[in-house]
Number of protein chains: 2
Amino acid sequence: MPPVTADPVEVNLINALEDRGLRRTAARSAVTDRIERVSDAFTAEQLCRELPDVGRATVYRTIRHLVDAGALCKLPILDGAPMYSIARIEHHHHTICSRCGAVGEFRHSTVERVMRSLEKEIDGDIVGHRMEIFITCSSCLAKSEINSSSGNSSVSI
Amino acid sequence: MPPVTADPVEVNLINALEDRGLRRTAARSAVTDRIERVSDAFTAEQLCRELPDVGRATVYRTIRHLVDAGALCKLPILDGAPMYSIARIEHHHHTICSRCGAVGEFRHSTVERVMRSLEKEIDGDIVGHRMEIFITCSSCLAKSEINSSSGNSSVSI
DNA sequence: CTCACTATTGATATCAAGTATCAATTAAGA
DNA sequence: TCTTAATTGATACTTGATATCAATAGTGAG
Ligand SMILES: [Zn+2]
Ligand SMILES: [Zn+2]
Ligand SMILES: [Zn+2]
Ligand SMILES: [Zn+2]
């Protein structure tokens with residue numbers, strides 16, 4: 001059975017910036033420290049609120065640098081601001097809880113194998129792919145069992 | 001070999017709206033006619049520009065109704081406004097040309113089978129998924145062969 | 001260590017996408 | 001035809017994000 005998770009990568013965001021020739025500054029360290037401390041995915045605005053002493057422009061700029069460096073994933077959200085999460089695994093996909101928004105990473109070799117197999121069938125050259133699995137996470141499941149009750153809101157994609 | 005495309009569905013957008021109890025109006029017909037005439041994916045703003053006599057609010061509202069009705073797909077775009085395309089196939093995924101933005105639909109039974117198989121390995125209940133394959137479409141490939149030259153700009157996801 | 005030079009910062013203005021309001025208009029059924 | 005509720009669209013507003021640019025702060029040379 002192929003591994004669902006693999007190769008957790010050591011992350012040091014401020015180093016990722018320095019590797020790109022960017023200076024280590026107080027503002028950037030504040031941003032990267034905060035991101036590393038937060039376990040979950042976040043929006044740029046959330047980060048701005050949590051770092052009132054760092055200018056929004058700097059928060060947005062730093063996020064952009066980190067995405068460019070491949071140290072952060074930008075998750076496309078259908079409605080509202082995109083979310084970001086630390087890229088702990090080289091190539092991977094995300095699980096997103098449709099109730100609480102919790103984001104997880106996973107890798108699955110079968111998925112990648114299927115992607116490669118599509119090469120033959122798709123018109124043009126494949127240059128990449130993206131995939132998200134929407135879930136109800138175990139903690140949300142637990143909560144809804146406590147409150148028993150309510151609806152099975154399924155997500156239509 | 002499993003089919004890459006399947007079940008093309010007849011689309012009649014104005015009917016899709018009427019089926020939801022919405023009235024057939026001149027403004028809505030103008031919007032749906034336009035969408036049906038445009039083969040490619042489009043943004044809301046594009047549609048507004050092409051329909052200067054329909055108010056933007058109405059364009060946005062109509063698009064929202066069509067997405068709710070499942071007649072339009074909303075494609076999450078990482079940067080900039082989301083794009084919409086007519087849903088011609090029941091459940092499906094998209095190919096997106098990373099050069100020209102052309103959007104295609106496809107279905108592949110293996111992909112769906114793999115998704116189901118992930119149920120066992122992912123923590124929580126799977127309620128849906130989304131997938132996009134980024135390509136260089138055949139027409140862009142043809143163009144770049146004419147101009148010979150240039151770089152294999154690969155997309156990092 | 002000091003200086004000069006460039007990168008960085010952040011207040012502010014601006015832009016872009018999209019939604020809320022609400023009076024005027026219009027579709028649709030009796 | 002007439003009544004009524006749905007729809008429209010000009011306008012103002014919200015939100016997310018970027019552009020500007022003077023002030024500030026790293027960095028490397030001397
Ligand atoms: Zn959850
Ligand atoms: Zn993959
Ligand atoms: Zn193309
Ligand atoms: Zn699928």
Protein-nucleotide distance (B:Tyr60, atom OH; D:dT11, atom P), rounded to Å:
18 Å
B:Arg34 side-chain N/O to B:Leu47 backbone N/O, donor-acceptor pair under 3.5 Å
no
So does A:Glu18 get a backbone contact from the side chain of A:Arg24, meaning a donor-acceptor N/O pair under 3.5 Å?
no
Provide, to the nearest angstrom, the distance between the CZ atom belonging to B:Arg24 and the C1' atom belonging to C:dG29.
17 Å
Please determine whether side-chain contact (heavy atoms from CB on, under 4.5 Å) holds for the pair A:Cys137 and A:Arg99, giving the CA-CA distance in whole Å, both sets of side-chain angles, and the decisive distance to 0.1 Å.
CA-CA 8 Å; A:Cys137 74; A:Arg99 293 208 198 156; over 6 Å; no
Would you check, one step at a time, whether the test side-chain contact (heavy atoms from CB on, under 4.5 Å) holds for B:Tyr84 with B:Leu66?
CA-CA 10 Å; B:Tyr84 300 89; B:Leu66 290 168; over 6 Å; no
5'-most by nearest nucleotide on DNA chain C - B:Glu18 or B:Gly80
B:Gly80
For residues A:His129 and A:His93, is any side-chain donor paired with an opposing acceptor at under 3.5 Å?
yes
Summary of protein contacts for nucleotides 7-13 of chain C, nucleotide by nucleotide, where a base hit scores B, a sugar-phosphate-only hit scores S (4.0 Å, heavy atoms):
SSBBB--
Shortest non-hydrogen contact from A:Glu105 to A:Ala87?
OE2-CA, 3.5 Å
Separation of atom NZ in B:Lys74 from atom P in C:dA17, rounded to whole Å
13 Å
To the nearest angstrom, the CG-P distance between B:Leu17 and C:dA28 comes to 12 Å
Whole-Å distance between D:dT15 P and A:Ile77 CD1?
18 Å
Nucleotide D:dA10, atom P - distance to CG of B:Leu51 in whole Å:
13 Å
For the pair made of CD1 in B:Ile14 and C1' in C:dA27, what is the distance, rounded to whole Å?
12 Å
